[in-house]
Student: 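One structure, pasted below without further comment.
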Amino acid sequence: MEKIFNRLNESQTNAVKQTEGPVLILAGAGSGKTTTIISRLAYLIEVIGIPASNTLTLTFTNKAAKEMKERSLAMIENVAYPPLLCTFHKFGLLFLKFNIHLLNRKNNFVVIDTDDKKRIIKKINSELPTPLIASEISRYKNSLLTPDDAYKQAELFNYKQIAEVYREYENYLNENNLVDFDDLIALTYKLLNDNPELAKTTSQKYQYIMIDEYQDTNELQLKLIQKLCTSHNNICVVGDDDQSIYGWRGAHIRNIMEFDQDFLGANVYKLEENYRSRSPILKVANALIEHNRSRLGKKLLSTRGGGDDVTTLNSNDENEEARKIATKIGKLLESGVRAKEIAVLYRVNVLSRSIEEGLNRAGIAYKLVGGLRFYDRAEIKDLISYIRVITNNHDDFSLKRIVNKPKRGLGKASVDKIELAAHANETSIYEYIKNSDISTLEGLVKKKNSLTLKEFVKNIDMVAKAALESTYEFIDLLEDTFHLKDIYKGTQDESDRILNMDEFYGLFRDFIKKSPDSSLDEFLNELTLQSEQDQVEGESIYMMSIHASKGLEFEHVFIIGLEEGFLPLIGDGSDLEEERRLGYVSMTRAKETLTLSHAASRFYKGRRSDLQKSRFFNEAGLCDGSLIVEKNTAFKKGDLVRHKVFGTGRVAGVSRAGREFKLNINFAGTKRDILASFVERL
DNA sequence: AACGGCATCTTTTTT
DNA sequence: AGATGCCGTT
């Protein structure tokens, strides 16, 4: 008991002790959110005596789940079964494994990722843009619309087309026993909704439910949570409306704003003591976020006090910015700051380039977080496709990916013919090849190709048998039989790809070592749900998007690209309040110092554009008159300008005149004050 | 089947 | 600029 509470403050303690009924914990940045959830779980299990198996804690990322698991295991002793603590999608996967038969489907389904989804869509329809269809299908599923519903709802012809693609896509998934990410949640909800008895027993199993990062839940997830609460109301959600930055992918900030309406009788606890940042940092972050109109209202107070003022960095362009930041980082490192305590954050990934160059020139090692993920790499997807075909011979989709990798002379034309014939016989490509006489195949494709196809199928069979006997040895046999490392032979990045393949083989062996009894399809589904491998800790500074920085903290943070158009990003679908929250999230990553940087121009999308300083400087209470920008043109002291009447002059000073900027210009010895919009820069 | 040239698009990202 | 995708040529 003491162990649980001696590290908690008063509001955290209150939130932990409120075990019954709906609870909303509004946890500001750096306010000890994870500690609070873990303590609450420990309290339920160790003090109240709730069996661990009757609790359920859901997160969004594997990383969060992993961290919580580790921390809770350290805190909870004498528990026979660890509590179920996993991502929403993992929960869906587990649930479907047990219950998908109620939808007349077999539980050896395979989870496909976004890339697979797009390939399937592309095959069905290559006219409309695939990403659009993919996101629309996702939207339909999250709104629980069937293809029929989508079709009826569609007014524009294109949307009728999309609904048709959606229908065929669903048929394809069913025929091949595949589920996509959205299905993991949507089918789980559907089962609970269609089977009240199942909802009741499931809800009774999970008596106490906690949800992390509640501001990131979408409409469907809320419905699922409500189903899980069918027989009780013990739902505790933790989140921060000010850190909701995933609206663009369907997160519904109203869920946290109106929690008390969805779950009546809710208790609300606010965690407003910040253990992370020095007070000048919080002052700036608080000032910025206060400009948002829709918030629950919460103000972070620093428990650490003191500290340096927030620094503003003004540069003419991205190269100057990069030089300045590299210099500052160099000084920090010289003064003994650990590299991993420094981070450069940006709104848009492309902004990393100039900084990378600057750091390279200064000889400072950095680690780029984000970018192409390991499991999304082509070579890794090839290996996964092989394993998929081996576990499920009917997976035409994966088979087509690998049938000519490495090159076996089986081009699109040949494979299309075989596929057509297979469909005519209502069977899969694999089965068709396996069960057809060589003479039948020769009627479709070249003689040489029919032999190759037969050989391919024979090898898949052979490796699949080996896998049943020894999963561990299977992986070597796979490489030896198909020579997968030859796929990228002769390409420029061959050695990188081979390194990645070896890493994958290593991961496979680790998995089998850890759980020797698991089948290949368990391995596959685990993989699909896996995000980026843990970043190795090293002696280099971090660079990442603001989104990627959520939940992390660094002693010294640099935020670059604070310009109108970048932060806030302006475009269709952009939401100024969400942009402000991004600003807030990025600022509150800093513990000791925060540097906000802006450049007057950047090279972007193939051309150089002038940029206006972000409004967030003013909103955060950081005014700076040294560089004034208007009508997409930056002015500063010393610039040459032309005026329609007075001709050419040189800027001697810049000041503010209401909403406009006023320039003091020296026209051949005569200084005049002119509004900036009346001159052009030369 | 494979390659190369041309057009197009460009926020954030997890599962 | 740089990546991606499509189409026509070899």
Student: Rounded to the nearest angstrom, tell me the gap between atom CD in Q243(A) and atom P in dT14(B).
Tutor: 16 Å
Student: Whole-Å distance between dT14(B) C1' and I112(A) CD1?
Tutor: 16 Å
Student: H89(A) side chain: which of dA2(B), dG2(C), dT15(B) is closest?
Tutor: dT15(B)
Student: Once ring-ring contact (aromatic ring centres under 6.0 Å, His included) is applied, do any residues pair with F617(A), and if so which ones, sequence neighbours excluded?
Tutor: none
Student: Can you sort out the partners of N108(A) under side chain to side chain donor-acceptor pair (under 3.5 Å), two or more places apart, ordered by chain and number?
Tutor: N177(A)
Student: Could you encode protein contacts along nucleotides 8-13 of chain B as a string, one character per nucleotide from 5' to 3', using B for base contact, S for sugar-phosphate-only contact and - for no contact, with a heavy-atom cut-off of under 4.0 Å?
Tutor: --SBBB
Student: Let me know the distance between CG of D212(A) and P of dT14(B), rounded to the nearest Å.
Tutor: 16 Å
Student: Can you tell me the distance, in whole Å, between the NZ atom of K66(A) and the C1' atom of dT14(B)?
Tutor: 17 Å
Student: Output a table of donor-acceptor pairs, distance under 3.5 Å, between side-chain atoms of residues 378-386 of chain A and any protein atom two or more places apart or on a different chain; print 'none' if there are none.
Tutor:
unit_1	atom_1	unit_2	atom_2	d
E379(A)	OE1	R497(A)	NH1	2.8
E379(A)	OE2	N500(A)	ND2	2.8
K381(A)	NZ	D113(A)	OD1	2.9
K381(A)	NZ	D113(A)	OD2	2.8
K381(A)	NZ	D115(A)	OD2	3.3
K381(A)	NZ	D116(A)	OD1	3.3
D382(A)	OD1	R401(A)	NE	2.8
D382(A)	OD1	R401(A)	NH2	3.0
D382(A)	OD1	K405(A)	NZ	3.2
D382(A)	OD2	Y488(A)	OH	2.8
S385(A)	OG	K381(A)	O	2.9
Y386(A)	OH	K405(A)	O	2.5
Y386(A)	OH	R408(A)	NH2	2.8

Student: Provide the distance between the two P atoms, one in dT13(B) and one in dT4(C), to the nearest whole Å.
Tutor: 16 Å
Student: Using the test ring-ring contact (aromatic ring centres under 6.0 Å, His included), find all partners of Y584(A) that sit at least two apart in sequence or belong to another chain.
Tutor: none
Student: Looking at F181(A), I'd like to know if the NZ or CZ of K117(A) sits under 6.0 Å from its six-membered ring centre while staying within 45 degrees of the ring's axis.
Tutor: no
Student: What is the distance, to the nearest angstrom, from the CG atom on L524(A) to the C1' atom on dT15(B)?
Tutor: 16 Å
Student: Side chain of T114(A), base of dT15(B): donor and acceptor closer than 3.5 Å?
Tutor: yes
Student: In whole angstroms, how far is the P atom of dT15(B) from the CG atom of D116(A)?
Tutor: 16 Å
Student: Can you list the residues that meet the salt bridge (Lys or Arg N to Asp or Glu O under 4.0 Å) rule with K605(A), with sequence neighbours excluded?
Tutor: none
Student: Using atom CG of L224(A) as one end and atom C1' of dT15(B) as the other, report the distance to the nearest whole Å.
Tutor: 14 Å
Student: Whole angstroms only, please: what is the CD1-C1' distance between I487(A) and dA2(B)?
Tutor: 17 Å
Student: Please work out which of the three classes, parallel, tilted or perpendicular, describes the rings of Y206(A) and F91(A), given edges at 30° and 60°.
Tutor: perpendicular
